[in-house]
Protein chains: 2
Amino acid sequence: MKTISLTPLNQSVQVDRSVIAPFPNSKKIYVQGSKPSIQVPMREVSVSSTQTSSTPEYNPSVTIYDTSGIYTDPQANIDICKGLPDIRSIWINDRQATEQLTQLSSNFAQQRLTNPELQSMRFGLNRLPKKAKAGQNITQMHYAKKGIITDEMEFVAIRENLRLQEQLEAGVYNQQHKGNSFGASIPQQITPEFVREEIARGRAIIPANINHVELEPMIIGRNFLVKINGNIGNSALGSSIEEEVAKLTWGIRWGADTIMDLSTGKHIHETREWIIRNSPVPIGTVPIYQALEKTGGIAEDLTWGLFRDTLIEQAEQGVDYFTIHAGLRLHHIPLTAKRVTGIVSRGGSIMAKWCLAHHQESFLYTHFEDICDIMKAYDVSFSLGDGLRPGSVADANDAAQFGELETLGELTKTAWKHDVQTIIEGPGHIPMHLIKENMDKQLECCDEAPFYTLGPLVTDIAPGYDHITSGIGAAMIGWYGCAMLCYVTPKEHLGLPNKEDVKTGIITYKIAAHAADLAKGHPGAQIRDNALSKARFEFRWEDQFNLGLDPDTARAFHDETLPKDSAKVAHFCSMCGPKFCSMKISQEVRDYANNTETLATTELETEMQEKANQFKLQGAKIYNKV
Amino acid sequence: MKTISLTPLNQSVQVDRSVIAPFPNSKKIYVQGSKPSIQVPMREVSVSSTQTSSTPEYNPSVTIYDTSGIYTDPQANIDICKGLPDIRSIWINDRQATEQLTQLSSNFAQQRLTNPELQSMRFGLNRLPKKAKAGQNITQMHYAKKGIITDEMEFVAIRENLRLQEQLEAGVYNQQHKGNSFGASIPQQITPEFVREEIARGRAIIPANINHVELEPMIIGRNFLVKINGNIGNSALGSSIEEEVAKLTWGIRWGADTIMDLSTGKHIHETREWIIRNSPVPIGTVPIYQALEKTGGIAEDLTWGLFRDTLIEQAEQGVDYFTIHAGLRLHHIPLTAKRVTGIVSRGGSIMAKWCLAHHQESFLYTHFEDICDIMKAYDVSFSLGDGLRPGSVADANDAAQFGELETLGELTKTAWKHDVQTIIEGPGHIPMHLIKENMDKQLECCDEAPFYTLGPLVTDIAPGYDHITSGIGAAMIGWYGCAMLCYVTPKEHLGLPNKEDVKTGIITYKIAAHAADLAKGHPGAQIRDNALSKARFEFRWEDQFNLGLDPDTARAFHDETLPKDSAKVAHFCSMCGPKFCSMKISQEVRDYANNTETLATTELETEMQEKANQFKLQGAKIYNKV
């Protein structure tokens, strides 16, 4: 494993150039809210005009949701060693419900801070964390229920809206299928008030720890754009801090809406600090992993006290959501005995082992309200873990899985009592015909708290391709109502993903999430498809590439067989060559059809004779725009 | 473009070694039918025993459907220049309804045969084709309707059954979800009589030209395993005969059930001969492409006579199915005028251009029964083309698309009048919520003739990843009843696929087809998933790789991070390392849970105290099989 030498003054950690390269024909734009401190990032892709025989026709740019932070902003000054700018303190301070601590609350964190051996890998943060004042609840849900629209809520409303009204006014890409959202209610325009309602209702969350001041807020919920999560993190057998930061910046470039740091190796605390300080997206963790590391890997030695300290340590760094497997209860465990793949969740199997060794109910379950007290002091959201999710098609929808889900429903109500924002994790491996049942059961059990699934994989038989086996299930469950989809890379079941795998996983899940938005009829979702298809039909190759999820790969694939620049305006591609391209031919027939469209049948025949003569007189070049 | 130098005596064309490498731990087996000439190929994957503390537990092998022909049979003698062995002449001759011709019937074919410049690239076939005797109809449908079970029908029944009864008797992998097949009726055991019924009904076809004597017959139909097609073929801008043969053998290695040769470049006739003579799977073509080449690319110069000669030329070589865009009628064309992507089908746009230039109804439509007469003389099946399929989400399910579908329904009835086997082609680009409507409409319009779709792609925004955008739609439409799925590679919309792309497309579509089988509850489909998951849970890594769709990639991915051989029996992978692996931990809890499963709750508490003590006494090693 690579050792790193980093000091707060050591500028040797550079951000990868491939991460900050601007997207082609793209401009980072900021839409201002009701005050100058609310600057909502988006990406604007400009496209070329349509060439016609008369004046060129203007094609409007397309506004795209952007998770890449300031990394793709050529105006921004990026220094990984200093972290991202502070966006949120001004909003948080304005609410006057938090106070700055005089020291770190976690014993472990204090030890790490004073340990000289860690000097070289410490991020070097020179401020102390904040916490809610005594008696105050500072979660987004709390404010929402009080009828207050926070700056974060306004921010995400603008972000979700994606300048839809302006785009529709341009009138070029407006076509959209109505969709079928199975009872969701996505308004034509997302307003801050709508955001507030959804959060108060528990149907959406804005994961935004008060200590993650670098965060560009986002929202997770069924009535908003379907989101995706990318996983990073080291293990005992691989990866360095530098590599993990690189995976973060790379992942958000390609579209990860949140990032989970699942490190299980060395220096989890320090690694996480670098990640959060440099992340514009919410960061999630599974605190039981680090708690386990502190016991030297002995699950039986976990204690509530150790876990509690870990929660506080991580909350004070700014982790936005915790996966907590509080739904896995003692009486569920025997239900896994006959499974083909037992318990596949790391957190789940750790807790199961603990329960059996102590012959007690899970301390995560028994101390759940204590956990709520910690979460609400920093506004950390729950991601209630599915420790008993099925790890094979055979185990799908069994009693263990659904038993835990019912407990998660019960815990959701408890969390909401404390105004702790909550999402529910889900499977796993589910054959297609059982996916809707999963969605419907979760909506019912958990009172429409947002669902956050891992896939699901629709078959077990393709290790090496589980981004695809799971992308299928993810697209479907996103359509049925799932709010966030946790990505799966080609390395699933086999090993630790590298940078290429991370990108492949993210693009696959962007596809799944967007396909779900389209099928739900999410207003404006089809704009990008229309713009790209129009460019394709008009042989504006560069525009086609630039509007795609991965312009680099699309361009490279096209170059492979037609490398000359002239090919980029070629009215064909290597698939068919110049004579056969159906797009080329159909341009020609379209014009003809346009002229005859309104004629009745008998008129049509006479007209056609004349047209046929005209067609021949004009020779082969019949590409006229009317 | 690479020139080739091949002569019948030139042994320089070798089959690629990577194609004939046997699959790991796999044996090519042949199941004999009611006579020695019926030898049905399958692949048997053997797996290792489960290590327990007492005697190892035997794990049965898994029988897998095998499209790779004799290429993966180490006993076979492969010579691309001589072609594959003749399997079917003995069956065809036995039916005594065909006669061998004294010369080729097609003018064009005769010209090609006598042209000295083509000597070096000719396959060198030394037999003449067969044809039905005057007044005889020799299609599989004709025999089926007469109540006759042909040898081909028996062959496919055995093939589809995949030794299910023996596998179930072993009793280890039997678990299977019931599935939801939306009204299909897949029997527990596929019998030759069931096959005959389905073919007589028109709900299935066995594409098997009497001149494709090297064919290992297969069946396409909703009540059989979902099939996939791979496309190969040169274009004016790339690829040689050698490369095309390589793509064929490579494609069937990975699982293509049929191959379409979509060549549009040079030497279409000669390329196809090499392909058919070396193909154990049905070969499909789109005859209008070659017809167009004969006019030098001028669509208006196509004539019925030219097309007719092309059909005969190709039928006498042994093409098993023709895509024919007979459903695209003159009055449909104006319906495409307002589309975003017009007409994306090559065949469709060629015919549209012809119709407009001649101001006449399509000659494919007006001469449809003449086409039937040709098809039934050789038993070539129809694949009725969807010339007006939507090429963008915006155009999905529009009047043009469904207008053509209704015409295809009418033509299906005509084809069945002649006992010509028929399948129906389908879209395209369809958002998820509109997919089922497509399937239901096709079932209704076309009286349950098998559906054969291209994807569909569920979004337009991911050029470079359209194997995935379409894999999602393909899995869903396969579940809803689609019989065959035409693959899409990463190069879709961008260029000509290379060997890697072909493999990626095929694996993606094997995933989609298998996920559909699982969701339909196809008997035995879940055996492979169960076997692989059991291997995964028991850390039998080699078995996990070998049971997967792509053992090479799975193994390579695992090797990347844990290259030592010892890692292959490691009870963890690099994702989590030795302490965290949930599979490892859950083996330990499973045993404990097994012991407590039958106890009531109060008993459970006492028992648990005792067990907890036991657990500690036994130390850390609690992996005992009961």
Side-chain angles (χ1 to χ4, degrees), chain A residues 175 180 235-237 264 297 333-334 337 340-343 346 349 352 356 359 392-394 431-433 458-464 472 475 479 494-496 511 515 518-519 528-529 532-533 537 548-550 553-554 557-558 561 574 577 579-580 582 585-586 589-590 592-594 597 608 612, chain B residues 175 180 235-237 264 297 333-334 337 340-343 346 349 352 356 359 392-394 431-433 458-464 472 475 494-496 511 514-515 518-519 528-529 532-533 537 548-550 553-554 557-558 561 574 577 579-580 582 585-586 589-590 592-594 597 608 612:
Chain A
Q175 204 171 343
N180 173 8
S235 86
L237 297 168
T264 60
I333 298 169
V340 175
T341 41
I343 300 171
R346 278 188 231 163
S349 50
L356 293 179
H359 60 84
S392 52
V393 163
M432 291 191 287
H433 70 294
V458 295
T459 170
D460 304 340
I461 72 168
I472 294 169
W479 173 27
L494 300 169
L496 207 61
I511 288 171
L518 280 179
R528 191 173 184 175
D529 298 74
L532 192 148
S533 288
F537 187 68
L549 285 175
D550 181 2
T553 298
F557 280 3
H558 189 246
T561 35
S574 65
K579 287 191 199 141
F580 266 77
S582 55
I585 292 173
S586 75
V589 307
R590 174 196 264 205
Y592 183 83
N594 261 327
E597 198 187 7
M608 294 196 80
Chain B
Q175 203 169 344
N180 173 7
S235 87
L237 296 169
T264 60
I333 298 169
V340 175
T341 42
I343 299 172
R346 279 188 232 163
S349 50
L356 294 180
H359 61 83
S392 52
V393 163
M432 290 190 288
H433 70 295
V458 295
T459 170
D460 305 339
I461 71 168
I472 294 168
L494 299 168
L496 207 61
I511 288 170
H514 182 78
L518 280 179
R528 190 173 184 174
D529 299 75
L532 192 145
S533 289
F537 186 69
L549 286 175
D550 181 0
T553 298
F557 281 3
H558 189 246
T561 36
S574 64
K579 285 191 197 139
F580 266 77
S582 56
I585 292 172
S586 75
V589 306
R590 175 196 263 206
Y592 183 83
N594 260 327
E597 198 188 4
M608 294 197 81

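First the proteins, then the strands, lettered A, B, ... as listed; each starts at 1.
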Taking every non-hydrogen pair under 4.5 Å, which of B:Thr553, B:Asp550, B:Ile472, B:Ile461 racks up the most with chain A?
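Going by pairs under 4.5 Å, I would pick B:Ile461.
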Are the side chains of B:Pro431 and A:Asp529 in touch, meaning some heavy atoms are under 4.5 Å apart?
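The answer is no; the side chains never approach within 4.5 Å.
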Shortest non-hydrogen contact from [X] to [Y]?
| X | Y | result |
| --- | --- | --- |
| A:Leu549 | B:Ala462 | CD1-CB, 4.1 Å |
| A:Thr459 | B:His514 | OG1-CD2, 3.1 Å |
| B:Leu494 | A:His558 | O-CD2, 3.0 Å |
| A:Pro463 | B:Ala554 | O-CB, 3.7 Å |
| B:Ala519 | A:Met432 | CB-CB, 3.8 Å |
| B:Gln175 | A:Val340 | OE1-CG2, 3.7 Å |

Find the one option among A:Ala475, A:Gly548, A:Ala394, A:Ala352 whose heavy-atom pairs under 4.5 Å with chain B are most numerous.
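Most heavy-atom pairs within the cutoff with chain B belong to A:Ala394.
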Rounded to the nearest 0.5 Å, the CG atom of A:Asp460 sits from the CG atom of B:Leu532 at a distance of 6.5 Å
